[in-house]
Amino acid sequence: NAGVTQTPKFRVLKTGQSMTLLCAQDMNHEYMYWYRQDPGMGLRLIHYSVGEGTTAKGEVPDGYNVSRLKKQNFLLGLESAAPSQTSVYFCASSYSGHNEKLFFGSGTQLSVL
Amino acid sequence: GESVGLHLPTLSVQEGDNSIINCAYSNSASDYFIWYKQESGKGPQFIIDIRSNMDKRQGQRVTVLLNKTVKHLSLQIAATQPGDSAVYFCAEILLSGGYQKVTFGTGTKLQVIP
């Protein structure tokens with residue numbers, strides 16, 4: 001049981017490049033989330049999904065897109081990376097979205113030059 | 001203690017002593033609270049939770065206290081060990097439109113002195 005797995009762990013992009021972060025969970029959780037973590041700030045929600053085939057915007061969705069084609073996978077895309085997107089990205093999942101703890105992946109350190 | 005928007009405070013504790021980490025939350029309607037531990041280079045990990053209808057909850061070496069009057073949450077770690085060194089942050093959860101809105105604090109760094 002691996003829990004929540006994120007790939008890649010590190011990535012360096014040039015401004016304007018695109019990339020996709022992959023998140024996979026093996027706990028049969030319905031809800032999945034993408035957060036970013038920046039110094040001096042709490043985790044901020046980018047996008048989330050309440051089930052296969054659904055996505056919704058979180059607190060800071062601009063510049064990101066997501067897809068949930070399979071229940072176990074949640075992809076985060078950056079179409080045209082900007083330096084402001086330099087951050088650590090965490091994927092998380094929960095069985096439901098009602099007073100549930102989140103299970104987090106180990107994070108992706110992204111630098112945009 | 002921590003609160004949303006503040007720089008990361010640091011708490012240094014001697015090994016074997018008790019640690020108390022504080023958190024001020026913002027929404028009096030929040031009905032669920034969680035403490036997470038984040039070790040360097042890793043994702044946050046659940047420690048303990050408490051519902052708004054409770055004042056105290058105990059786990060293994062950890063206790064969470066909730067004071068709704070002043071919107072304050074604390075995490076107490078008994079007999080602090082080197083493995084407890086990490087960033088700890090609280091999260092307040094509010095059910096809204098059938099979905100939980102989670103607000104995370106900025107965290108407190110706990111340093112355990114051997």
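Residue numbers start from 1 in every chain, and the chains themselves are labelled A, B, ... in the order their sequence lines are given, proteins ahead of strands. As the structure is a prediction and not an experimental result, all values here were calculated from the model.
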Please classify the contact between B:Gln38 and chain A as side chain, backbone, both or neither, with a heavy-atom cut-off of under 4.5 Å. side chain
Against chain B, label A:Phe103 side chain, backbone, both or neither, depending on which of its atoms sit under 4.5 Å from a heavy atom there. neither
In this structure, are over 12 heavy atoms from other groups packed under 6.0 Å from A:Glu79 atom CD? no
For A:Leu43, which atoms come within 4.5 Å of any heavy atom of chain B: side chain, backbone, both, or neither? both
For atom NZ of B:Lys109, decide whether the heavy atoms of other residues, nucleotides or ligands shown that lie under 6.0 angstrom number more than 12. no
May I ask you to test the A:Lys71-A:His29 pair for a side-chain heavy-atom distance under 4.5 Å? no
Do B:Gln76 and B:Asn18 have side chains that approach each other closer than 4.5 Å (heavy atoms only, starting at C-beta)? no
Sort by residue number and list every residue of residues 104-113 of chain A having at least one heavy atom under 4.5 Å from chain B. A:Phe104, A:Gly105, A:Ser106
Is it the backbone or the side chain of A:Gln37 that comes under 4.5 Å from a heavy atom of chain B, or both, or neither? side chain
With a 4.5 angstrom heavy-atom cut-off, is it the side chain or the backbone of B:Phe33 that approaches chain A, or both, or neither? neither
Might you confirm whether atom NZ of B:Lys56 has over 12 heavy atoms from other residues, nucleotides or ligands at distances under 6.0 Å? no
Verify the distance criterion only: is there a donor paired with an acceptor across the side chains of A:Tyr33 and A:Ser94 at less than 3.5 Å? yes
B:Phe46, CZ atom: more than 12 neighbouring heavy atoms under 6.0 Å: yes
SB check B:Glu92 B:Lys101 (cutoff 4.0 Å): no
